[in-house]
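The structure appears below as structure tokens.
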Amino acid sequence: MTFPPPKAEAPAQRFEEASAAARDALKRLIAAANEAGWGTEEISVAFLEAARFLTEANKKDPDPADDPAISDVPGKREQIGHGELFD
């Protein structure tokens with residue numbers, strides 16, 4: 001799926017453009033979900049919950065791409081089994 005780049009620079013216009021693009025994208029996603037057997041109401045609620053989750057995650061870590069890889073974290077402990085760590 002492609003998403004159009006913003007054309008405006010003013011925040012209010014960018015918001016309007018983003019809202020329109022998001023609506024169009026959601027309409028396509030809902031249509032695809034309907035074809036797969038999901039009801040409009042249930043998939044719409046699922047999208048809302050997913051958006052809330054992503055919003056909260058973004059508040060906690062606005063740019064996760066800047067986080068160090070786990071192998072770069074000092075004091076990393078070795079895994080010894082099914083997710084257990086050495087003490």
Seminar exercise, completed: So salt bridge (charged side-chain N to carboxylate O under 4.0 Å, His left out) across residues 37-47, not counting sequence neighbours, yields none
Problem set entry | With Lys60 via salt bridge (Lys or Arg N to Asp or Glu O under 4.0 Å) - residues at least two apart | none
Exercise. Looking only at heavy atoms, what is the nearest atom pair of Ile43 and Ala33, with distance?
Worked result: CG1-CB, 3.6 Å
For this session: Using the test salt bridge (Lys or Arg N to Asp or Glu O under 4.0 Å), find all partners of Glu49 that sit at least two apart in sequence or belong to another chain.
Result: Arg52
Problem set entry | Residues clustering with Leu48 (ILVMFWY side chains joined when closer than 4.5 Å, directly or via others) | none
Problem set entry | For Ala21, side-chain contact (heavy atoms from CB on, under 4.5 Å) partners two or more places apart | Phe3, Pro4
For this session: Could you list the residues that satisfy salt bridge (Lys or Arg N to Asp or Glu O under 4.0 Å) with Glu35, not counting sequence neighbours?
Result: none
Problem set entry | Qualifying side chain to side chain donor-acceptor pair (under 3.5 Å) pairs with a residue from residues 4-16, counting only residues at least two apart or across chains | none
For this session: List for me each residue that meets side-chain contact (heavy atoms from CB on, under 4.5 Å) alongside Asn58, sequence neighbours excluded, and say none if there are none.
Result: Pro62
Problem set entry | Results of side-chain contact (heavy atoms from CB on, under 4.5 Å) for Phe53 - residues two or more places apart only | none
For this session: Can you sort out the partners of Phe15 under side-chain contact (heavy atoms from CB on, under 4.5 Å), two or more places apart, ordered by chain and number?
Result: Ser19
Problem set entry | Listed once per pair and sorted, the salt bridge (charged side-chain N to carboxylate O under 4.0 Å, His left out) pairs that draw on residues 17-33, sequence neighbours left out | none
For this session: Supply the atom-to-atom distance Leu29 CG to Phe47 CZ, rounded to the nearest 0.5 angstrom.
Result: 4.5 Å
Seminar exercise, completed: Residues passing the side-chain hydrogen bond (donor to acceptor under 3.5 Å, both in side chains) test with Ser44, sequence neighbours excluded, are none
